[in-house]
There are 2 protein chains.
Amino acid sequence: MNKKQVPITHHHFPWDHPRFRSWIAVARACQLMQQTLTRALAELDIKPPHLDILVNLYRFEGITQQELARKLLVGRSNMSMLLPQLEKRGLIERRGDEKDKRVLRLSLTESGRALSEQAMEIQTAIIDKSMEDSPIEECMIVAQAMERLVGILLKDAGDPD
Amino acid sequence: MNKKQVPITHHHFPWDHPRFRSWIAVARACQLMQQTLTRALAELDIKPPHLDILVNLYRFEGITQQELARKLLVGRSNMSMLLPQLEKRGLIERRGDEKDKRVLRLSLTESGRALSEQAMEIQTAIIDKSMEDSPIEECMIVAQAMERLVGILLKDAGDPD
DNA sequence: TGCTTTTTGTTCATCGTTGTACAATAATGT
DNA sequence: ACATTATTGTACAACGATGAACAAAAAGCA
């Protein structure tokens with residue numbers, strides 16, 4: 001068994017680990033997708049953060065800023081900066097809650113809903129094209145792996161913010 | 001076959017598309033990983049962008065700022081902002097090339113290499129933990145899907161800096 | 001050679017994100 | 001009821017990322 005003593009590299013570089021390489025690919029994909037989406041949304045004069053907001057207001061009408069920030073994994077202050085912009089453009093409305101005078105309930109306006117639909121079409125087109133070479137089952141595996149990852153990280157972080 | 005005429009929703013919402021849902025999971029995972037990594041790297045007083053730079057200098061000694069920016073999918077100006085910081089901290093060196101007086105060749109210093117190794121250990125630990133529930137084969141599938149995606153997006157974008 | 005175009009890095013203004021500190025309101029405990 | 005603690009949204013300073021404009025050097029072309 002002298003074959004056992006392979007030339008020990010002793011220093012395992014990260015890029016030799018399969019999981020590490022996987023993650024690097026994920027990070028690169030994410031970055032590129034963000035840039036591509038930014039360029040594509042330019043014609044609607046919005047950016048990815050705005051789209052994230054619009055999509056969530058589309059799904060969850062009457063949500064509060066706090067809940068929205070939690071869904072988007074950003075801080076409350078972030079919403080305090082972005083939402084007034086969208087409000088000034090007439091895309092969303094912020095109405096104070098009757099029972100809890102602290103919170104502002106958010107909803108899309110007519111034009112906001114229309115713009116959301118256009119933007120979502122753009123985004124969906126890009127995603128579909130980017131993943132057209134991957135069969136659905138593989139996409140599901142990707143989704144599962146990423147959701148497990150999110151679960152682990154959220155548990156460890158204790159959901160700070 | 002009257003079962004064929006399912007109640008047509010006619011409006012297919014993005015979140016009904018498997019690929020869309022997959023991508024949303026990827027984006028969330030990326031965002032959370034970024035935040036987790038930021039917190040973990042705080043003890044070394046660096047941030048994810050700095051780590052990306054260090055890792056690439058670790059692998060590709062003597063690279064230029066342009067090449068580095070291209071690998072990181074960021075603009076040249078970004079490197080012009082970050083690299084002087086790392087140079088002042090004595091983590092990297094920038095030497096002018098003899099033959100081409102435009103370019104600056106980058107390399108790690110002793111302490112820069114040491115810090116890089118510490119940082120890469122931290123990152124690898126987080127990644128390993130986040131993906132420990134996903135078997136290696138699934139990680140490979142994820143990597144392949146993401147690399148295909150990057151290929152498609154890069155081709156379409158024409159690699160505009 | 002001399003002129004134009006391209007490449008490389010810098011500078012600057014702008015914008016999104018973050019964390020902290022803060023004010024207003026609600027919930028809790030005594 | 002009153003005081004204390006938590007929660008919700010805002011204001012602000014700091015920082016990273018971007019794109020455009022710029023100077024210097026190289027490459028291409030007449």
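FYI, side chains are in, hydrogens and waters are out, and symmetry mates aren't considered; it's all heavy atoms of this structure.
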May I have the distance from Leu73(B) (atom CG) to dT18(D) (atom C1'), rounded to whole angstrom? 14 Å
Measure CD/Gln34(A) against P/dG19(D) and give the value in whole Å, please. 12 Å
Roughly how far, to the nearest 0.5 Å, is CZ of Arg19(A) from CD1 of Ile126(B)? 15.0 Å
Strand contacts (DNA chain D) in residues 78-86 of chain B, 4.0 angstrom heavy-atom criterion: Asn78(B), Leu82(B), Gln85(B)
Between the side chains of Asp97(B) and Lys99(B), is the shortest nitrogen-to-carboxylate-oxygen separation below 4.0 Å, so that they form an ion pair? no
Is the shortest heavy-atom distance from the side chain of Glu67(A) to the side chain of Thr64(A) under 4.5 Å? yes
How about CE on Met120(A), more than 12 heavy atoms from neighbouring residues, nucleotides or ligands closer than 6.0 Å, or not? yes
What integer distance in Å separates Arg76(B):CZ from dC12(C):P? 17 Å
Lys/Arg-Asp/Glu bridge criterion (N-O < 4.0 Å) met for Glu87(B), Arg89(B): no
For the pair Ser116(A) and Leu108(A), evaluate side chain to side chain contact (heavy atoms under 4.5 Å, CB included) and give the outcome as yes or no after the intermediate values. CA-CA 9 Å; Ser116(A) 300; Leu108(A) 289 176; 3.7 Å; yes
Taking for Glu98(A) and for His50(A) the nucleotide of DNA chain C with the nearest heavy atom, the one nearer the 5' end belongs to His50(A)
Are Phe60(B) and Leu83(B) co-members of a hydrophobic cluster defined by side-chain heavy atoms under 4.5 Å apart? yes
Measure from CD on Gln35(A) to C1' on dG16(D) and round the result to the nearest Å. 14 Å
Between dG16(D) (P) and Ile53(B) (CD1): distance, integer Å: 10 Å
Is Gln65(A) close enough to dT8(D) that one of its side-chain N or O atoms is under 4.0 Å from OP1 or OP2 there? no
Is it the case that more than 12 heavy atoms not belonging to Arg21(A) sit under 6.0 Å from its CZ atom? no
Of all the nucleotides listed (dG19(D), dC15(D), dT10(D)), which has the minimum atom distance to the side chain of Lys47(B)? dC15(D)
Expressed in angstrom and rounded to an integer, what is the separation of Asp45(A) atom CG from dG16(C) atom P? 11 Å
Looking only at side-chain atoms of Arg39(A), point me to the closest of dT18(D), dG19(D), dT8(C). dG19(D)
Can you measure Lys99(B) atom NZ to dA27(D) atom C1' for me and round it to whole angstrom units? 17 Å
Does a donor on one side chain and an acceptor on the other come within less than 3.5 Å for Arg148(A) and Ser134(B)? yes
Which residues, if any, of residues 100-108 of chain B bring a heavy atom under 4.0 Å of DNA chain D? Asp100(B), Lys101(B), Arg102(B)
May I ask you to say what Thr38(A) touches in the nucleic acid, namely base, sugar-phosphate or nothing, with a heavy-atom cut-off under 4.0 Å? nothing
Of all the nucleotides listed (dT8(D), dA17(D), dT18(D)), which has the minimum atom distance to the side chain of Pro49(B)? dA17(D)
Roughly how many Å is it from CD in Gln31(B) to C1' in dT18(C), rounded to a whole number? 13 Å
